[in-house]
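This structure is a prediction, so every number in the text was calculated from the model and none was measured.
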Amino acid sequence: MFRTNLENTFGPAKAVHYFNHYRYVFGSGYREEYDPTIAVIDLIHVERLSVQHQLELMFSSSSKDAHTIHLKLYRADSPSPLSDVLPILENMGFRVIGESPHALHFDHGKTVWVNDFQVVASDGKTINIDDIRDVFQEAFPRVWFGEAENDRFNRLILTAQLSWKETALLRAYARYLKQIGFTFSQDYIADSLYHNPELAKRLVQLFLLRFLLSKIHRKNR
């Protein structure tokens, strides 16, 4: 089945190469949990790893439960510990309900870890994964590598479908308010925007509109 799926995905020539490279990589525990179709998908993600691209991820819905989403993280040499992943996911509005770690051992000594986290929305709502897949898959690595902050503003990625840059914009607004003496805390502002996602979207739209108008004005001066 694995070889057949490889041939259907890559064609006969590449299938032979990948079959020889991966035929003993997926251990018994992995094979018990996933079918060959999933193995081919995981292979594709593993192949994308490199020195420049050290974290690959896949964000997908569960075939068994409409509320559950799978976040798979792929990393060479070391796993993605739950203790590192949990704070990021919680600040994005998720609750981790399960984890399946698998080590893929290659003949040349290389090991790739596949950590499959099962998550649900913290508020219990069903998530339309198509609405947030792109912004989530862009935001998570930014937070993981410290390029974006890990705080409660990141829940707007889930509730308002904001990008990590748009979330950073609202975070900057909140810090500015603190500097000018606004009495409410950063967490209070983050919670207020979380419960009013349409308002959060409109604030971002307002900023972008005013920024665009400002550029037009400067250009026409």
If hydrophobic clusters are built from ILVMFWY residues whose side chains come within less than 4.5 Å, do [X] and [Y] share one?
X: Val143; Y: Phe153; result: no
X: Leu158; Y: Leu199; result: no
X: Val96; Y: Ile88; result: yes
X: Val204; Y: Val135; result: no
X: Leu193; Y: Leu206; result: no

Open item on the list: Pair Phe10, Ile44 - check side-chain contact (heavy atoms from CB on, under 4.5 Å), show working.
Closed with: CA-CA 10 Å; Phe10 300 107; Ile44 292 170; 3.7 Å; yes
Side-chain touch [X]/[Y], heavy atoms, less than 4.5 angstrom:
X: Leu170; Y: Leu203; value: yes
X: Phe94; Y: Arg155; value: no
X: Pro87; Y: Asn150; value: yes
X: His70; Y: Phe117; value: no
X: Arg152; Y: Tyr188; value: no
X: His102; Y: Ser100; value: yes
X: Tyr74; Y: Leu49; value: yes
X: Leu55; Y: Phe140; value: yes

Identify the two heavy atoms, one from [X] and one from [Y], that lie closest to each other, and give their separation to 0.1 Å.
X: Arg75; Y: Pro81; value: NH1-CD, 4.5 Å
X: Ile157; Y: Met92; value: CD1-CE, 4.1 Å
X: Val120; Y: His67; value: CG1-O, 3.5 Å
X: Asp151; Y: Arg171; value: OD2-NE, 2.7 Å
X: Ala121; Y: Ile127; value: CB-CD1, 3.7 Å
X: Ser80; Y: Asn115; value: N-OD1, 3.1 Å

Is it the case that [X] and [Y] place a side-chain donor and acceptor less than 3.5 Å from each other?
X: Asp116; Y: Tyr34; result: yes
X: Ser122; Y: Glu90; result: no
X: Asn91; Y: Asn154; result: no

- [ ] Determine yes or no for a side-chain-to-main-chain donor-acceptor pair under 3.5 angstrom, with Asp35 supplying the side chain and Ile38 the backbone.
- [x]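 Pair found, side chain donor or acceptor close to backbone of Ile38.
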TODO: Examine distances only and state if a side-chain atom of Glu138 and a backbone atom of Ser163 form a donor-acceptor pair shorter than 3.5 Å.
DONE: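 Not a single qualifying donor-acceptor pair exists.
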Open item on the list: With a 4.0 Å cut-off on N to O distance, would you call Arg175 and Glu149 a salt bridge?
Closed with: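 Looking at Arg175 and Glu149, the cut-off is met.
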TODO: May I have the step-by-step check of side-chain contact (heavy atoms from CB on, under 4.5 Å) for Thr9 and Tyr18, ending in yes or no?
DONE: CA-CA 11 Å; Thr9 303; Tyr18 285 132; over 6 Å; no
Task: Stepwise side chain to side chain donor-acceptor pair (under 3.5 Å) test for Asp42 and Tyr30 - done: CA-CA 11 Å; Asp42 286 340; Tyr30 180 97; 2.4 Å; yes
Open item on the list: Around atom OH of Tyr176, are there more than 12 heavy atoms from other residues, nucleotides or ligands closer than 6.0 Å?
Closed with: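 Count not over threshold, so no.
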- [ ] Give a yes or no on this: more than 12 heavy atoms of other residues, nucleotides or ligands lie within 6.0 Å of atom CZ of Arg95.
- [x]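 No, because the 6.0 Å sphere around CZ of Arg95 holds 12 heavy atoms or fewer from other groups.
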Rounded to the nearest 0.5 Å, what separation is found between the [atom1] atom of [X] and the [atom2] atom of [Y]?
X: His108; Y: Thr111; atom1: NE2; atom2: OG1; result: 9.0 Å
X: Gln205; Y: Arg210; atom1: CD; atom2: CZ; result: 14.5 Å
X: Lys178; Y: Ile180; atom1: NZ; atom2: CD1; result: 13.0 Å
X: Ser78; Y: Gln54; atom1: OG; atom2: CD; result: 9.0 Å
X: Glu47; Y: Tyr22; atom1: CD; atom2: OH; result: 3.5 Å
X: Leu43; Y: Arg48; atom1: CG; atom2: CZ; result: 10.5 Å

Open item on the list: side chain to side chain donor-acceptor pair (under 3.5 Å) for Tyr24 and Asp107? Distances and angles first, verdict last.
Closed with: CA-CA 9 Å; Tyr24 301 118; Asp107 289 341; over 6 Å; no
Task: Derivation and outcome, side-chain contact (heavy atoms from CB on, under 4.5 Å), residues Leu57 and Phe136 - done: CA-CA 10 Å; Leu57 68 156; Phe136 177 87; 4.1 Å; yes
- [ ] Walk me through it: do Lys72 and Val114 pass the test side-chain contact (heavy atoms from CB on, under 4.5 Å)?
- [x] CA-CA 7 Å; Lys72 277 190 176 181; Val114 181; 4.2 Å; yes
Task: Among Leu89, Ile97, Thr68, Val85, side-chain contact (heavy atoms from CB on, under 4.5 Å) partner for Val119 - done: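 So, applying the side-chain contact (heavy atoms from CB on, under 4.5 Å) to Val119 and each of Leu89, Ile97, Thr68, Val85, only Leu89 qualifies.
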TODO: May I have the step-by-step check of ring pair (Phe, Tyr, Trp, His ring centres under 6.0 Å) for His21 and Phe106, ending in yes or no?
DONE: CA-CA 8 Å; His21 193 50; Phe106 294 83; 5.2 Å; yes
- [ ] Using the six-membered ring of Phe19, assess whether NZ or CZ of Arg3 lies under 6.0 Å from its centre and within 45 degrees of the ring axis.
- [x]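 Cation-pi check for Arg3 and Phe19: passes.
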- [ ] On the 0 to 90° scale, with breaks at 30° and 60°, tag the Phe207-Tyr173 ring pair as parallel, tilted or perpendicular.
- [x]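 The rings of Phe207 and Tyr173 stand perpendicular, inter-plane angle above 60°.
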